[in-house]
Amino acid sequence: MKEKSMTVFCSVVYCAPLAEITASIMRILGIDPGSETTGWGVIEGDSRRYSLVECGAVRAATGQKFPARLLRIANALEEIIQRHHPDACAIEDGFLATNVKVTLKLGQVRGVAMLVAERAALEIHEYSPRLVKQTVVGHGSAEKFQVQQMVKRLLSLNSVPEPHDVADALAVAICHFHHASFAKRVLETQSSAKLSDLKLTHLNVRLPARHSARRRISR
């Protein structure tokens, strides 16, 4: 199968869809915030499997001021949400960088991404980098290379998504997919258990009346 190339449009890097989606149950937008490059990815599937819809990265123009970068990121994410209509947005939680200024800028990018998602009335879920690695790879101290390889494998891609910010965004989306599916199964189990208890309670309430009727007939 011939690999599809990446194209650049309005400083937003897009990876064309690599698989046709036949059924839609849940669609998730994953975001990896970055002051220079913000990765994003949309995946879709059911409780058994999922596939890539589209992914890409929003890159800052050379010499662009930080406020202008935030505006570019906001506009790009709004366009992505309007095009794909995700059900939820999963964002990588912030971490403390060694440089305080970098930490502050990452926080501002996360704030812009969350604002755009909230304005679009999406469910917003935050996941720490460690939890994302734990969910996707199996241990929280996994290297970026391992995360990228697992993303490629789980989504059945021909190559690792680039730049690495895109793979990270897809990993966040996959992380939410697993946790959301698990939560859904828990709720379904709890609902089933409550229904069973209700039926049993109803049965126990009716039994004494039946027994009394039988005793009256025997007399």
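The chain is numbered in sequence order, starting from 1. Keep in mind that the numbers below use all heavy atoms, side chains included, and drop hydrogens, waters and symmetry copies.
- For the atom pair Leu29 CG and Cys89 SG, the distance stands at 4.5 Å (nearest 0.5 Å).
- For the pair Phe177/Thr135, no side-chain contact is recorded, criterion being any heavy-atom separation below 4.5 Å from C-beta on.
- Val116 has its side chain within reach of Ile81: a pair of non-hydrogen atoms, C-beta onward, lies under 4.5 Å apart.
- If you take CD1 on Ile28 and CG on Leu122, they are separated by 11.5 Å, rounding to the nearest 0.5 Å.
- Asp165 has its side chain out of reach of Thr38: every pair of non-hydrogen atoms, C-beta onward, lies at least 4.5 Å apart.
- Screening residues 146-155 for salt bridge (charged side-chain N to carboxylate O under 4.0 Å, His left out) gives no qualifying pairs among residues at least two apart or on separate chains.
- Nearest heavy atom pair, residue Ala169 against residue Gly41, reads CB-N, 3.9 Å.
- A distance of 12.5 Å separates NZ in Lys133 from SG in Cys175, rounded to the nearest 0.5 Å.
- In this structure, Ala60 and Ser35 approach most closely via the heavy-atom pair CB-O, 4.3 Å.
- Residues satisfying the side-chain hydrogen bond (donor to acceptor under 3.5 Å, both in side chains) criterion with Thr37, sequence neighbours excluded, are absent altogether.
- Counting heavy atoms from C-beta outward, Val53 and Ile43 have side chains that stay 4.5 Å or more apart.
- In this structure, the side chains of Gln64 and Arg72 come closer than 4.5 Å at one or more pairs of heavy atoms.
- Side chains of Pro161 and Leu170 form a contact here, defined as non-hydrogen atoms less than 4.5 Å apart.
- Legend: residues meeting side-chain hydrogen bond (donor to acceptor under 3.5 Å, both in side chains) with His84, ordered by chain and number and at least two apart, are Glu54.
- Sorted by first and then second residue, the ring pair (Phe, Tyr, Trp, His ring centres under 6.0 Å) pairs with a member in residues 137-171 form an empty list; sequence neighbours excluded.
- Here the CG-OH distance, from Asp93 to Tyr127, works out to 11.5 Å after rounding to the nearest 0.5 Å.
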Practice item. Any chance you could lay out the side-chain contact (heavy atoms from CB on, under 4.5 Å) test for Arg27 and Tyr50, step after step, and finish with the verdict? Key: CA-CA 9 Å; Arg27 178 171 285 192; Tyr50 41 78; over 6 Å; no
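- You'll find the side chain of Thr103 stays beyond 4.5 Å of the side chain of Asn99, heavy atoms only.
- One finds the CG atom of Asp32 at 13.5 Å from the CH2 atom of Trp40 (value rounded to the nearest 0.5 Å).
- Residues Arg69 and Glu36 have side chains in contact (heavy-atom distance under 4.5 Å, counting atoms from C-beta outward).
- Each salt bridge (charged side-chain N to carboxylate O under 4.0 Å, His left out) pair with one or both residues in residues 119-129, not counting sequence neighbours, appears once here: Glu78-Arg119, Arg110-Glu126.
- Residues passing the side-chain hydrogen bond (donor to acceptor under 3.5 Å, both in side chains) test with Gln134: none are found, sequence neighbours excluded.
- Looking at residues two or more places apart in sequence or on another chain, you find a salt bridge (Lys or Arg N to Asp or Glu O under 4.0 Å) between Asp168 and Lys144.
- A chain of hydrophobic side-chain contacts below 4.5 Å, direct or via other Ile, Leu, Val, Met, Phe, Trp or Tyr residues, connects Met26 to Leu155.
- By the criterion of side-chain heavy atoms lying less than 4.5 angstrom apart, applied directly or through intervening Ile, Leu, Val, Met, Phe, Trp or Tyr residues, Leu77 is not grouped with Leu115; the two fall into different hydrophobic clusters.
- Val137 and Ile174 end up in the same hydrophobic cluster when Ile, Leu, Val, Met, Phe, Trp and Tyr side chains are linked at under 4.5 Å.
- Shown here are the ring pair (Phe, Tyr, Trp, His ring centres under 6.0 Å) partners of His125, two or more places apart in sequence or in another chain: His176.
- For Ile124, the side-chain contact (heavy atoms from CB on, under 4.5 Å) test picks out Ile91, Met114, Ala117, Glu118, with sequence neighbours left out.
- Rounded to the nearest 0.5 angstrom, Leu154 CG and Gln149 CD are separated by 11.0 Å.
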